[in-house]
Amino acid sequence: MQERYDFTAIEKKWQENWENEGIYKVSEDSPKPKYYCLEMFPYPSGNLHMGHVRNYSIGDVIARFKTMHGFNVLHPMGWDSFGLPAENAAIKHGVAPAKWTKENIANMKMQLKALGLSYDWDREVTTCLPDYYKWTQWLFLQFYKNGLAYKKGASVNWCPGCQTVLANEQVVEGKCERCDSVVEKKSLEQWFFKITDYAQRLLDDLDRLEGWPAKVKTMQENWIGRSEGAMLRFKIAENDEHFWVYTTRPDTVFGVTYVVMAPEHPLVEKLIAGTAYESKVREFITKVQKLSEVDRSSSELEKEGLFIGAHAINPANGKEVPILIGNYVIYEYGTGAVMGVPSHDERDFSFARKLGLEIIPVISKDGSMYTAEEMSEAYIDEGKLINSGKFDGMDNEQAKSAIVEELAKSGDGEKKVNFRLRDWLISRQRFWGAPIPIVYCEHCGAVPVPEDQLPVLLPSDIEFKPTGESPLKYMDEFINTTCPICGAPARRESDTMDTFVCSSWYYMRYSDPKNTERPFRKEKADYWLDVDQYIGGVEHAILHLLYSRFFTKVCHDLGLVEVEEPFRNLLTQGMVLKDGSKMSKSKGNTVSPVEIVGKYGADTARLFILFAAPPERDLEWNDQAVEGCYRFLNRVWRIIDIYEAGKAQGGDSFGKAEKDLRRLLHNTIKRVTEDISVRFNFNTAVSAIMELVNGMYQYKENNNNQAVMTEAEEGLLLLLAPFVPHITEELWHEIGHTDSIHKQTWSVVDEKALSVDEVTIVVQINGKVRDRVELAADLAQEEVKAQVLSREKIAAALDGKEPKKVVVIPNKLVNIVL
RNA sequence: GCCGAAGUGGCGGAAUUGGCAGACGCAGCGGACUCAAAAUCCGCCGCCGUCAAAAGCGUGUGGGUUCGAGUCCCACCUUCGGCACCA
């Protein structure tokens, strides 16, 4: 036995041994049931941070735990390696993005290996390598062929910091999710994925995801933003044009007293041209457009509107109402025009009062009439219709469909489901991404690159000029090509794909990572998918997780995989904090995993991060508590040492001490198994193991039964193995085993060992603890009652009074009610 | 405004089905070992009170249900997260 716990030597030794023995390699050819454990793959920024350590430690415990339970576990790792930091580094330091990325990957891979994680590195995927992005491009082409990828001119989000467009999902409170710049609107031709076609399915299938946190599902639900309502057609009084509005309250259509259009609505221009209102309206529009997106969508913004001199005809009653433009109407949502019903909408009410517009109540609680003058606020509750012609007296809920059906007869109305979700903008005006495999030909238009010409390679000898445009645009060798259809000179698309495209299918590629014929073989993907457990930060709740769900559904529809949902169970881990805030370089409160591993070893780092808090909660870093975990591992080291020494002169007498230790051991096995498998409460699992070790120290004071000590040692190491793989492997061999602890089967609880002869019964009087009694287990209730009442302490407390009632909870508690 | 989560010692956190609140760890205090220190081992450690004990109080606040509530119900406060002039 070595004198002290030399973690540096031990960890190095076993990491090399595991790699040489290939103990973490998996294949589909196994009689065992499969289990797919996946952690969100990292961006290779250069160094691991504590968030990574937490993410991968959690995943590693689960993967090892499942392996020990007899599953064929897929536990892969890779690199989400396209993206802006590489390009920014290139611009700043003149290093090629490919080189920078490659070096970072090498460094981070070394750091990951130093943590002793059970990855099958043969399945590593790297999204920026041609063997991967070839298939990202191939998938783009499948989307394109199936009408799910299209190009259109639109007003898009432009980040001046990143010099590229952004998807809606990447704009947070009007700012760029990456660099915090205020996002601008630009009119550009861009590529989109038609995620809106899948909006309903993405929403419906959330119900299937029982293993997802409700929080994440709610966030996706909010983001998809389904609302049920109707489209209503309004004709223009002054000419024969018409327009549609979207409303969720068609039951209030008789109360429409005005309509409001977004300043961008194309009809506005037509209606004001050459009229007396033209200049004032233009002034208004200019004013609105000067506002940033942030200000414009702020609820603080004072609602303003302006009559534009035209009128619309209410399709329900033929009434003419004024048309206004308003600063609060969003052109991108619904139809960009809304009907104003001040009597039954709070915003409309205050808007109408401010501008002196008419208010007509059309719903009351019981169908009785009232006037606008009596109203101090909008009536938004349920009720019966009034002032609504033949619908008077009808329940407003019923009226919603009745009115739409009536209007449908004349083509003026139809039911309509609306979503907040927009199509996914995937073009990026940047270099370091997968090129969009499209060629523009003067004769044939946009032509997809034929599949046998994939990948469209990123050039390597690129010169970076910080111009704000993709350098690809100026590379003649890349841009100039010929049309795949007619052979005429043509130009390549210079935009690349959003990196979220690359990361939307990597979990499928892991099933068949080296395939050169297709993204993956269906049989392999079907064997491994879905992912049984996915682990990552909650910041991906919408972006990555929504896109991946979309990709899986498309791949399913294209016949590439069977599953329709990629991730069966999702664990969203909390952040790692120091001094109360998230570790970040700018705040200077980071702790380097490399340093911690150097100082205490990987096992200590892993143990602390799993012990300090439950996984979903934020974790406060505490240097002293790390020391505590290190001390605990030393304690484990020593108790094994002591037990081994004790066995030399050990005996076989079996008494209370032995029984107690065995009960403790098997209770611990039970608790740890439940804590890991049912609840992922690694913190309580670890504390249970600590209690076992404390019990083992007590036992050795006066006892030395050889068999019991061996059972305790092996039990302890097996329980601890998923958390701290190196020290347990070392000690496992130290106590005489020759094969790896990580190939062992998880301990089974010996139910007989759990049985107890005596139990401590808590005695309460009126719910307050007054005594404790040691009694034989499973005594009859009457017997327990008699024993308890005969106690001196209790008799004294009762003072001769007769109990009103005595509640007996078997083997636990007696409550005497006076 | 709407939706969701949370609130427990000096700190991180336990309490599985309504049944001993504070497991485990950190910090702190005391003891053993040592010439001494470190390391280690043993013990104490919610508040108030007491020589010590007993009693009393105690899981954000106020009510309620129950023999019994951190846990269930009602109302409220605070913090965090998401959505938001979404028609």
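Hydrogens, waters and symmetry mates are skipped; everything else that's a heavy atom, side chains included, is used. Proteins come first, then strands; the chains are lettered A, B, ... in the order of their sequence lines, and each starts at number 1.
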Give [X] one of three labels, base, sugar-phosphate or nothing, depending on what nucleic acid heavy atoms sit under 4.0 Å from its own.
X      : answer
A:F632 : nothing
A:D618 : sugar-phosphate
A:G225 : nothing
A:S227 : sugar-phosphate
A:V329 : base
A:E691 : sugar-phosphate

Please report the distance, rounded to the nearest Å, between [atom1] in [X] and [atom2] in [N].
X      : N     : atom1 : atom2 : answer
A:F351 : B:C85 : CZ    : P     : 16 Å
A:E701 : B:U40 : CD    : P     : 16 Å
A:R54  : B:G12 : CZ    : C1'   : 12 Å
A:K215 : B:G82 : NZ    : P     : 8 Å
A:W621 : B:C26 : CH2   : C1'   : 14 Å
A:E346 : B:C85 : CD    : P     : 15 Å
A:I330 : B:C83 : CD1   : C1'   : 13 Å
A:H540 : B:G82 : NE2   : P     : 14 Å

Note: [X]-[Y] ion pair, threshold 4.0 Å (strictly below):
X      : Y      : result
A:K287 : A:E304 : yes
A:K416 : A:E414 : no
A:D641 : A:R638 : no

Applying salt bridge (Lys or Arg N to Asp or Glu O under 4.0 Å), name anything that partners [X], two or more places apart in sequence or on another chain.
X      : result
A:R54  : none
A:R233 : A:D412
A:E397 : A:K400

Gap in Å between the two [atom1] atoms, one belonging to [N] and one to [M], rounded:
N     : M     : atom1 : result
B:G70 : B:U16 : C1'   : 14 Å
B:C76 : B:G22 : P     : 33 Å
B:C26 : B:C33 : P     : 24 Å
B:C35 : B:C29 : C1'   : 25 Å
B:G9  : B:G62 : P     : 15 Å
B:C83 : B:U59 : P     : 36 Å
B:U79 : B:C85 : C1'   : 27 Å
B:U78 : B:G25 : C1'   : 28 Å

From [options], pick the nucleotide closest to the side chain of [X]?
X      : options             : result
A:R770 : B:A87, B:A55, B:A23 : B:A55
A:M690 : B:A87, B:C85, B:G25 : B:G25
A:N327 : B:C41, B:C85, B:C24 : B:C85
A:K303 : B:G19, B:C85, B:G25 : B:C85

Extract all donor-acceptor atom pairs below 3.5 Å that involve side chains of residues 608-618 of chain A and protein atoms in other chains or at least two apart in sequence.
unit_1	atom_1	unit_2	atom_2	d
A:D618	OD1	A:M575	N	2.8

Is the phosphate of [N], meaning OP1 or OP2, less than 4.0 Å from a side-chain N or O of [X]?
X      : N     : answer
A:R631 : B:A39 : no
A:R347 : B:C86 : yes
A:Y246 : B:A87 : no
A:K768 : B:C57 : yes
A:N694 : B:A23 : no

Got a sec, which residues hit side chain to side chain contact (heavy atoms under 4.5 Å, CB included) with [X], two or more places apart in sequence or on another chain?
X      : answer
A:E782 : A:K785
A:A688 : A:T668, A:R671, A:V672
A:L355 : A:L324, A:F351, A:L357
A:E264 : A:A262, A:Q289, A:R296, A:Y331

(message) I want to confirm an ordering. Mapping A:V686 and A:N634 to their closest nucleotides on RNA chain B, which one lands closer to the 5' end?
(response) A:V686

(message) Looking at every heavy atom in both A:G326 and A:P263, which two are closest together, and how far apart are they?
(response) O-CD, 3.3 Å

(request) Locate the shortest heavy-atom distance separating A:V636 from A:L716; write the atom from each residue and the value. (result) CG1-CD2, 4.1 Å

(request) Enumerate the residues from residues 247-254 of chain A whose closest heavy atom to RNA chain B is under 4.0 Å, giving them by residue number; use none for an empty result. (result) A:T247, A:T248

Kindly give the atom pairs (protein nitrogen or oxygen, nucleotide nitrogen or oxygen) under 3.5 Å for nucleotides 67-70 of chain B.
unit_1	atom_1	unit_2	atom_2	d
B:C67	O2'	A:N815	ND2	3.2
B:C67	O2	A:N815	ND2	2.6

(request) Test the A:R420-A:W223 pair against the cation-pi criterion, namely NZ or CZ under 6.0 angstrom from the six-membered ring centroid and within 45° of the ring axis. (result) yes

(request) Check whether NZ of the Lys or CZ of the Arg A:R347 lies under 6.0 Å from the centre of the six-membered ring of A:Y328 and within 45 degrees of that ring's axis. (result) no

(message) Evaluate A:D675 against A:T684 for side chain to side chain donor-acceptor pair (under 3.5 Å), listing each step before the verdict.
(response) CA-CA 7 Å; A:D675 282 349; A:T684 49; 2.9 Å; yes

Atom pairs under 3.5 Å: protein N/O with N/O of nucleotides 14-16 of chain B:
unit_1	atom_1	unit_2	atom_2	d
B:A14	OP1	A:N683	ND2	3.1
B:A14	OP2	A:R617	NH2	3.2
B:A15	OP1	A:R679	NH1	3.4
B:A15	OP1	A:R679	NH2	3.1

(message) If a pair means Watson-Crick or G-U wobble with both distances below 3.5 Å, what does RNA chain B look like in dot-bracket form, with | marking bases paired to a different strand?
(response) (((((((..(((......[....))).(((((.......))))).((........))..(((((..]....))))))))))))....

(message) Checking one value: the base orientation of B:G9, syn if chi is within 90 degrees of 0, otherwise anti.
(response) syn

(request) Give me the ring orientation class for A:H544 and A:H540: parallel if the planes are under 30° apart, tilted from 30 to 60°, perpendicular past 60°. (result) perpendicular

